[in-house]
Amino acid sequence: MNARPDHSVLADQEGSARDDLLMDVRNVSLSFGGVKAITDISFDVRQGEIRAIIGPNGAGKTSMLNVINGFYTPQVGTITFRGVERRSMKPHDAVRQGIARTFQNVALFKGMSTLDNIMAGRSVLMKRNIVWQMLWRGPALREEIEHREKVEEIIDFLEIEHIRRTPVGKLPYGLQKRVELGRALAMEPSLLLLDEPMAGMNLEEKEDMSRFILDVNQQRGTTIALIEHDMGVVMDLSDRVVVLDYGKKIADGPPDEVKNSQAVIDAYLGVPH
Amino acid sequence: MSYLHSIFVAPFADMADAPDFFLQVVWEGLVSGVLYALIALGFVLIYKSSRIFNFAQGIMVVFAALTLVGLHENGVPALLAVPLTLLVMFVLAVGIERAVLRPLVNQPDIILFMATIGITLFLIGLGETIFGGANKVMITEQLGIPTGSWVVEPFGGFVSVEQKDVTAVVGAVLLVIALLVFLNKSKMGRAIRALGDDHQAALSVGISLSTIWVLVWFISGIIALATGIVWGARAGVSFALEVIALKALPVLMLGGLESVTGAIVGGLAIGILEKVFEIYWGQPLLGGNTEAWFAYMLALLVLLVRPQGLFGEKIIERV
Amino acid sequence: MFYRIAGQYKTSYGADYALFPIKQDAWLLALILVFAFVVFPLTASDFMFRALLIPVLIYALAALGLNILTGYAGQLSLGTGAFMGVGAYACYKLITIFPEMNIIGAIVLSGFFSAAAGVAFGLPSLRIKGFYLAIATLAAQFFLLWLFQKWAWLYNYNASGAIQVPNTQLFGVTITGAQAPVLAQYFFVLITVCILTAFAINITRGRIGRTWKAVRDMDIAAELVGINLMKAKLSAFFVSSYIVGIAGALFVFLWRGAAEADLFDIQLSFRVLFIAIIGGLGSILGNYLGALLIVALPVIIGTVPAAVGLPISSAMVEHLNTMIIGALIIGFLILEPHGLARLWALMREKLIIWPFPH
Amino acid sequence: QEVLKLPNMSYRTGPFAATGTPHMNGQRDYMTMLNERDGGIGGVRVAFDECETGYNTEKGVECYEKSKAEGALVTQPWSTGITLQVLPRTNVDAIPMYAPGYGFSAMQDGKTFKWAFNPPTSYWDGASMIMNAISDGDLANLKGKKVAFLHLDHPYGKEPLPLLEKLAADHGFELLPIPVGLSEMQNQSAQWLQIRRERPDFVVMWGWGAMNAGAITEAVKTRYPMDQFVSVWWGAHEPDLKLVGEEGKGYRALSWNFADPNAKLMQDVKKHVVDAGKSQLNQGAGEFESTPYQRGILMSVILAEAVKAAQEHAGTKMINREQLRWGLENVKLDEATLEELGATGMMAPFSMSCSNHTGHAGAWMVEWDGTKFNKVSDLLSADRAVIDPLVEKAAADYAAANQPWQMNEECTQ
Amino acid sequence: MIPNPAPATQTVEPILSVNNIEVIYDHVILVLKGVSLTVPRGGITAILGANGAGKTTTLKAISNLLHAERGEVTKGSIVFDGEEVQALSSNLLVRRGCIQVMEGRHCFGHLSVEDNLMTGAFTRKDGAAAIKADLDLVYDYFPRLKVRRTSQAGYTSGGEQQMTAIGRALMSRPKMILLDEPSMGLAPQLVEEIFEIVKKLNDEQGVSFLLAEQNTNVALRYAKYGYILESGRVVLDGEAAALRENDDVKEFYLGVGGEGRKSFRDVKHYKRRKRWLS
Ligand SMILES: Nc1ncnc2c1ncn2[C@@H]1O[C@H](COP(=O)(O)OP(=O)(O)OP(=O)(O)O)[C@@H](O)[C@H]1O
Ligand SMILES: Nc1ncnc2c1ncn2[C@@H]1O[C@H](COP(=O)(O)OP(=O)(O)OP(=O)(O)O)[C@@H](O)[C@H]1O
Ligand SMILES: [Mg+2]
Ligand SMILES: [Mg+2]
């Protein structure tokens, strides 16, 4: 349903305002005490694309995502999301506006089952008050079942039917990441932030995950910002890549271009890939 | 208007009126503060090394004091009873490590907290079975602690200072210095802190949980004995002492759960402030007994500003 | 063998939400209810009701309230006793100010008072976490207790500072006060507890329950998936204290008959906490199992030496009892840190796969 | 085999065990003595079971239910808190409640409190006697003076307040109530700082358990004049005073009993129980000679006399609860009976009736001389004219608050 | 880059041998169903396998960390350097020279990075100077850690924590290191560096390694021997070189089919049965 943007054309219009701009990060700087995690970074994310963020460890990638979804407030700079400019916001407001994410260190609700975790992702969308909940009848039950159906779709999509009722704390790491993706999807986001979704996975699982990411992007039209260290994945999946190094942006552009940039090779890749 | 006056003016006028009395109030507060701080120290040590919120610290104080007095009652000379009591505390530490901590390694905080309440009940039962429920008198003189009192007479009034309180203050200071040296000088100190963060990782790098825990609980036992002697000399030894331990909680929270400095500062601050508040505000305006809650409210207010207490480690929040 | 689940299918999500996806569980519950509603009333003695059944039910209810806060929403509370007190004093004031008021109405309303107190002392939880939060609840515990003692209006200026439950009637039967037949009180408590338990089950398995659990497991993540922490935490404090308050009202009105402030001291808070933890945090069933263990067991242990003719003095029995309870708490925590409810769940799992070991 | 079930609620554990235990030892030892010496009361052995409460009202209710189920003839709650708790129940369950020297003062009104007894004197009696004593027999002397009332913040400690307030209002002295919370019993520095600041002319203490020892040591420390410090009978507890020894000289307590280890009664107990190794008392600590232990003995004496009276009246050895109630109402401990029991001088004679469930025996002031208590007053008596109207009102209020309340309509005295 | 394959002949007793172990969690969940493997003295052995196959469980069983998770070895035996592991506490095991780098970093959050590293030297008795030298060595390996030396580990980035965890293990001067997913979350160039360090320690100091790794590519390049674990059983094992040539391994773990590496964009949604399962 959504045609992949032809980045060879788009690439040269870098920086100029476009009508398919979903998010625009402008001159963001963030520091913790003495540590400068992000220094004056600008980049944009277009509607419907897969945007990769790469860089060496400690470059500030995760911090960037934290800024985007309101967990950190940058000292300088602004973020414009769907035309609304802001600097700080409450994380749950970010969710309401359609930004969902997964985490580098899996941040699932360990004591809850897979189903409950994903249902928790839909909390923002559910409305029934406590009295109905108490009675578990009528509207509350209907609402619950309605959302359950949506969640079951996600579960089917991610092929995690068999662990529906397992407490996620007991799941192997790879599956936890999948559940986390499911929880993010349950929020029906327009921008999905993925922090190293394939860390700790073997090839087969990476392939599965890639498939999921592409499907989400293509079938649901969800825009994705992705942090990943596996260059194979980054090169194959992303439309554009931004490269950070110790808080500074050192490259931004289509994967092939970035891959061959000397600065990127020096700072990150070590050898040309 | 007159109400405001009685809150904001009258108490201070009272203080200025009878400065000797004020000094006495502060001194009394200080002495209780030292005791709170001592109990809190035991807590801190254990918390630091295991994230165990050791509710049993209070009962350990009672237990140590009872053992000491009990031994003496049974004919053991006072100066021999002290090392024997320490031996008992050591056995207790080993026992607790074997029977409770080891099987519960890596469990959630609240479970361990609960287990220490279990220990508390067990020790109360055990102590009462062995020593009976009656009040006992601390063997102050036999231990060579002076029991007289000095009376200073400033501002035309008098401040009476008990010698055993002075001993307590001096003893506490020495104990704290020893503890600080131990924690900061040795690699044990680091291991203790590491253990608190992550049991499993500590195990994986070869830190011996059992050794450290036995050590830490034993040191807490020593502190408990010191506290027991000091407190027992003031108020007699009985299980009613256990409730004092609850006062250590706000002290800890105020100072920060893992900070030795915090325990001391918190203890003194709470001891003095609650006494001053009670005398100058609580009794005239609120019907007294405000000491029952003042410390908790104070700690709560401080926490609202600094959620990790005055000297506590910042709670790490990162994703 | 009794727990065969083969052949039990579900064909709709609605069916999947049935309380007992496995039929055998439903039968078990039915059996327990038959005991509670029929067998005990027919067989139990006054002593059984007054010293075992009623307190077990009331304590279980209090623990259920606490469990919602601590077990589901992850906020440690050491102030349960005081919140029970709020419920009890509120009920007392309502009944004495409006003598015409129906006792059910008074109890239902009194819960709101403790809920309000709970929310007030829960506010700091937005900033303070973990054990540090315990201080807020401790502050509640000691401050409220002090208030119960100092504020003579609360106990109608009674000289002894105690509140005395008047005799009240419901449908022509005396239900509170010394005149009340114990059976009536038992049924009243039983029904109240059943209703509140049903409500609690529904809340905890729905959206609100999920947000609580999310906050418990990882509050940062909960915030980042769009859960409003303030709402989640305060609603947990509200619901929890409501139930605890009702338990407090029942505690005094349907069981004790009179109360002084010290009744609601920290020991009570701890006892309820024991029940919740030994029973199993984050479980409904656990509260009942825990209450049985913590409330009933000592009573039973206390009668053993006399029953078998051991010449142990009552004080010694009490000492040993304290010791045994302490040891049992530790023992159960070691056996299963997640409580009796989990122990039961594991047993059930074994039964399902029985006779195979895995 | 038939026995008379006369159980007791005890607390040999917890913060109140210190003062509780010797009393309970005394109660138990007298009953044991009767069993040993006389084969029980009227030939029926006494079963004196204890049920441990730890001064905890919750346990108390449990103990009450347990003893009720076991067919106890009497309930002895041993705490004012528990007394208040079970008082309405005993009225419904028709079980005599025996609360010697404690409980709810209004229980003296036997018409209202048909089943409750608190001989030989009530707290209001005690308060009245103490005030009479410190004012040298004329309350007018207290005019303009300040009396601090240091009390346990518990129903027990608050019990005398209504009377004291009335006396203060009537006689123009200032009453300064100073409560001591359960958690502060051992550390009363705030209370004693208040006393130091307020400089009351007298401190009247209503303490129990660890509180008394705490107060006495603080008083010494604060240099409060000991001869202005007076306690109710529970403060006449030798071990507390031994803590301060000489410095406690001049401390007084009102006591309705006076320890006399040489009395025949005590010698019998010694012979049949203590020396026979059947007692739990701590001989080494001088408990046998102590006031609380002997008070405990007398508590059982009164109860045993009631049983005797009941047996004679009912003409059966195995009495029931109703008969025991009659027996309690008809206890007559006159000089002759005391003489016969071998307890002359150990307590004042008194008798009860259906309308008078307290008996109002007098009491003495005893004073600590550094090693022991000495009698320093004649037999004191309470000011009935002030107390009785208060009792009447309190009893009526109580009955009204507990509607429907069973009154003793038969009592016409 | 590719290390020269070691000669396969090992006559000496292996440093670690795991014999047919079964592990049960929570008394009911059977996770390992008879796993056997050996690590030769001075060898680098890899355990490969999908998520949940039981790699971590195997490593924890070896380093005796299971009981902290309510798991236990119910059958079989593990012998490290001639001693039954079950009889040793984890702290003695470290003293004997076997240390584990746990999956998921497990740094001591409140300790500074340097203190974290120093805890690794807890069991050492060879004096402050030697420890200091090793500390410098670790900083040499991971310069980034030197920069962040004084920060609280809890606030460092994922990769920095991973480096800290590895460095911490090195500080104990072990004979054998159990590495659980060392490459997880590390930048590509750092992954290579870490494996180079592994190789160097192995070559120069004869440290043996057992690594659980998802990055099969790298793992098989550096390891000498490999085991493939599926659902708690060893399904395939062999010399690393041989495994690299195995068709299934190629397809499922290396991602090279007949026609070379395929793009992640082109993977289809279908599951092919692995031959070793049939
Ligand atoms: N504490 C536990 N309690 C119960 N089951 C557990 C526990 N830890 C692990 N498991 C289960 O054991 C199985 C093996 O887990 P393990 O962590 O060993 O896998 P792994 O091969 O290391 O996977 P990954 O690549 O994801 O790290 C999984 O199915 C997991 O669900
Ligand atoms: N809350 C914080 N307090 C202090 N320092 C922080 C905080 N969050 C991040 N940092 C520091 O900021 C830098 C960037 O961290 P970030 O987590 O964004 O890195 P990253 O690019 O995601 O690295 P990795 O690939 O290793 O995950 C790091 O040096 C980290 O230590
Ligand atoms: Mg990161
Ligand atoms: Mg693993």
Side-chain angles (χ1 to χ4, degrees), chain B residues 14 17-18 20-22 24-25 27-29 31-32 35 73 124-125 127-129 132-138 149 151 157-158 160-162 165 231-247 271 274-280 282-284 287-293, chain D residues 10-22 24-25 52 54-55 153 176-199 209-218 220-223 237 239-240 242-245 247 280 282 284-285 287:
Chain B
D14 278 358
D17 246 17
D20 65 315
F21 182 69
F22 180 68
Q24 183 82 53
V25 171
W27 170 252
E28 294 293 327
V31 175
S32 340
L35 286 155
E73 274 179 2
I124 293 180
E128 289 186 328
T129 309
N135 235 357
K136 291 194 173 13
V137 182
M138 181 41 73
S149 65
V151 178
F158 74 99
S160 108
V161 173
E162 295 218 30
D165 288 348
W231 196 259
R234 273 173 82 83
V237 182
S238 82
F239 282 90
L241 239 172
E242 181 213 344
V243 290
I244 304 287
L246 285 172
K247 268 290 165 58
E274 75 173 8
K275 197 71 78 193
V276 171
F277 181 83
E278 163 75 8
I279 299 293
Y280 292 98
Q283 285 170 355
N289 271 4
T290 55
E291 281 174 294
W293 53 261
Chain D
S10 62
Y11 36 94
R12 295 166 181 273
T13 68
F16 298 95
T19 37
T21 309
M24 287 143 203
N25 283 337
E52 176 72 28
Y55 207 67
D153 204 1
L176 177 70
I178 303 181
V180 178
L182 290 190
S183 57
E184 301 156 326
M185 293 197 304
Q186 305 208 311
N187 180 20
Q188 296 168 31
S189 65
Q191 284 80 6
W192 285 87
L193 283 170
Q194 187 179 8
I195 288 172
R196 175 171 161 189
R197 176 172 58 181
E198 300 280 347
R199 300 176 211 282
M211 170 178 161
N212 294 355
I216 291 164
T217 38
E218 285 287 347
V220 170
K221 202 170 105 191
T222 322
R223 305 201 286 186
H237 181 232
D240 293 342
K242 284 188 183 147
L243 281 177
V244 293
E247 288 177 293
Q280 297 178 5
N282 185 348
E287 190 178 319

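In the text below, chain A, chain B and the rest are named by the order of the sequence lines, each starting its count at 1.
At a 4.5 Å heavy-atom cutoff, the contact between Thr222(D) and chain B is made by backbone atoms alone. Within the 4.5 angstrom heavy-atom criterion, no atom of Asp17(B) approaches chain D. For chain B, the nearby parts of Lys221(D) are the backbone and the side chain; heavy atoms of each come within less than 4.5 Å.
Ranked by heavy-atom pairs under 4.5 Å with chain B, the first of Arg223(D), Gln191(D), Gln188(D), Lys242(D) is Arg223(D). Contact count against chain B (heavy-atom pairs under 4.5 Å) is highest for Pro179(D) among Gly214(D), Gly181(D), Pro179(D). Between chain D and the options Glu274(B), Glu278(B), Lys275(B), the largest number of non-hydrogen pairs under 4.5 Å is found for Lys275(B).
A 4.5 Å side-chain heavy-atom check between Gln24(B) and Glu28(B) finds at least one atom pair inside the cut-off. Looking at Asn25(D) and Arg12(D), their side chains come closer than 4.5 Å, going by heavy atoms from C-beta outward. Arg197(D) has its side chain out of reach of Leu193(D): every pair of non-hydrogen atoms, C-beta onward, lies at least 4.5 Å apart. Here the side chains of Ile178(D) and Ile195(D) are in contact, with some heavy-atom distance below 4.5 Å.
Looking at every heavy atom in both residues, Ala213(D) comes nearest to Asp240(D) through CB-OD1, 3.6 Å.
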